[in-house]
Amino acid sequence: MLLHTRAPVSPVSRLLLALVLLVAGLAGVVAGAGPARADGCYTWSRTLSQGATGADVTQLQIRVAGYPGYGAVLDIDGSYGPATAAAVKRFQTAYGLAADGVAGPATFSKIYALQDDDCTPVHFTYAELNNCNTTWAGGAVSAATAKSNALRTMWKLEALRHALGDQSIRVTSGFRSTACNAAVGGASTSRHLYGDAADLGAGPHTLCRLAQQARNHGFSGILGPGYPDHSDHAHVDHRPSRFWSASSCGI
């Protein structure tokens, strides 16, 4: 009978073997996790903070424009300044993130969770912001601009919705072509012609509650009960200068 023998393994060799197996195991975990999934709408590839500029800053600003602070409007200019940092901080606070004003992986992960593949926030759709036509044409600006304005409106509405306890907000009117605006008796200078306005109907919240809270979410135009022809809705928009009037609501 043949006897098979092997040399004893030294303690040092055992330690080296254990280290090799540990490294291999960790590599397997990393390999199994794979790279971060690209978002269907837009994926940020770097951490953003004050001083950054570029299209990725613009995309971030669109999504945090509903957090500028009371009475303020965040410029969507692609430049990460103090106002953008403050808006990011408010966004982070609103969702329970570390509020440092720096947009990194945790902030972007929350944004990814809040947006659909067409870049609209999960609780609003282009169809809600346009019950006039499917082309976004015929208003006071190009179809592309009107649709872009509506997207910015939706992200502000998403911020408003979250601040009001994540209860639904009912949009009764958004973009209007000149023909659609005339059909409902809208003013010839209506912001609806620009795609940057939304009329909100009562639901879980009163019209006054909607108008009052909207002051914190980047809307320069707010009209509601007490303003002529606004007893049945609250109106928000992005006009060039502030005009708030809802006297029955204390605005």
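Hydrophobic clustering keeps V122 apart from V64 (ILVMFWY residues linked when any side-chain heavy atoms are closer than 4.5 Å, directly or through intermediates). Clustering ILVMFWY residues whenever any of their side-chain heavy atoms sit less than 4.5 angstrom apart, transitively, puts V73 in a cluster other than the one holding F91. Tracing side-chain contacts under 4.5 Å through hydrophobic residues (I, L, V, M, F, W, Y), one never reaches Y194 starting from L223; they form parts of separate clusters. With hydrophobic clusters built from ILVMFWY side chains whose heavy atoms lie under 4.5 angstrom apart, V102 does not share a cluster with L60. Neither L193 nor L151 shares a network with the other; the hydrophobic side chains, linked directly or stepwise wherever heavy atoms of I, L, V, M, F, W or Y lie under 4.5 Å apart, form separate groups for each.
Proximity of S168 to P204: side-chain heavy atoms (C-beta onward) are separated by under 4.5 Å at one or more points. With a 4.5 Å cut-off on side-chain heavy atoms, H162 and Y67 count as touching. No side-chain heavy atom of V171 sits under 4.5 Å from any side-chain heavy atom of N131. Side chains of L200 and L207 form no contact here, defined as non-hydrogen atoms less than 4.5 Å apart. Using a 4.5 Å heavy-atom threshold, the side chains of L157 and F219 count as touching. In this structure, the side chains of P105 and T47 come closer than 4.5 Å at one or more pairs of heavy atoms. Between H205 and Q213, every side-chain heavy-atom pair lies at or beyond the 4.5 Å cut-off. You'll find the side chain of Y126 reaches within 4.5 Å of the side chain of M154, heavy atoms only.
With respect to R176 and D199, a salt bridge is recorded, a charged nitrogen being found less than 4.0 Å from a carboxylate O. Looking at R161 and D166, a side-chain N of the basic residue comes within less than 4.0 Å of a carboxylate O on the acidic one, giving a salt bridge.
To the nearest 0.5 Å, atom CZ of residue R242 and atom CD1 of residue I222 are 8.0 Å apart. The line from CZ of R215 to CG of L160 is 12.0 Å long, rounded to the nearest 0.5 Å. Of the inter-residue distances, the one linking N130 atom CG with S177 atom OG reads 8.5 Å to the nearest 0.5 angstrom. R63 CZ to W44 CH2: the interatomic distance, rounded to the nearest 0.5 Å, is 4.0 Å. For the atom pair CG (L164) and CZ (R209), the distance works out to 5.0 Å, reported to the nearest 0.5 Å. Distance check: T172 OG1 to E128 CD gives 11.0 Å after rounding to the nearest 0.5 Å.
Relative ring orientation between H233 and H230 is described as tilted, the plane-to-plane angle lying within the 30° to 60° band. Ring orientation note: the planes of F175 and W136 are tilted relative to one another, at an angle of 30° to 60°.
Minimum heavy-atom separation, A214 to V236: CB-CG1, 3.9 Å. A159 and G66 make their closest contact through CB-O, 3.5 Å (heavy atoms, listed as atom of the first residue, atom of the second, distance). Minimum heavy-atom separation, H238 to G218: CD2-O, 4.4 Å. Heavy atoms only, all atoms of each residue included: A65 and I76 are closest at CB-CD1, 4.0 Å. Listed here is the closest heavy atom pair of L74 and A87: CD2-CB, 4.1 Å. When all heavy atoms of S248 and C208 are compared, the closest pair comes out as O-SG, 3.9 Å.
D232 places no side-chain N or O within 3.5 Å of a backbone atom of G201 that could act as its donor or acceptor partner. At least one donor-acceptor pair closer than 3.5 Å links the side chain of Q92 to the backbone N or O of D100. Without hydrogens or angle criteria, T120 side chain to T125 main chain gives no donor-acceptor distance under 3.5 Å.
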Do F124 and T153 pass the side chain to side chain contact (heavy atoms under 4.5 Å, CB included) test, and can you show the C-alpha distance, the side-chain angles, and the key distance before you say yes or no? CA-CA 10 Å; F124 297 92; T153 299; over 6 Å; no
Between Y227 and H235, is a side chain to side chain contact (heavy atoms under 4.5 Å, CB included) present by the stated rule, with each step listed? CA-CA 10 Å; Y227 187 77; H235 168 98; over 6 Å; no
Apply side chain to side chain contact (heavy atoms under 4.5 Å, CB included) to the pair F243 and D237, showing each step before the final yes or no. CA-CA 10 Å; F243 183 76; D237 66 47; over 6 Å; no
Could you walk me through whether Y95 and T107 pass the side chain to side chain contact (heavy atoms under 4.5 Å, CB included) check? CA-CA 9 Å; Y95 285 100; T107 299; over 6 Å; no
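The closest side-chain donor-acceptor pair between D77 and S79, if any, does not fall under 3.5 angstrom.
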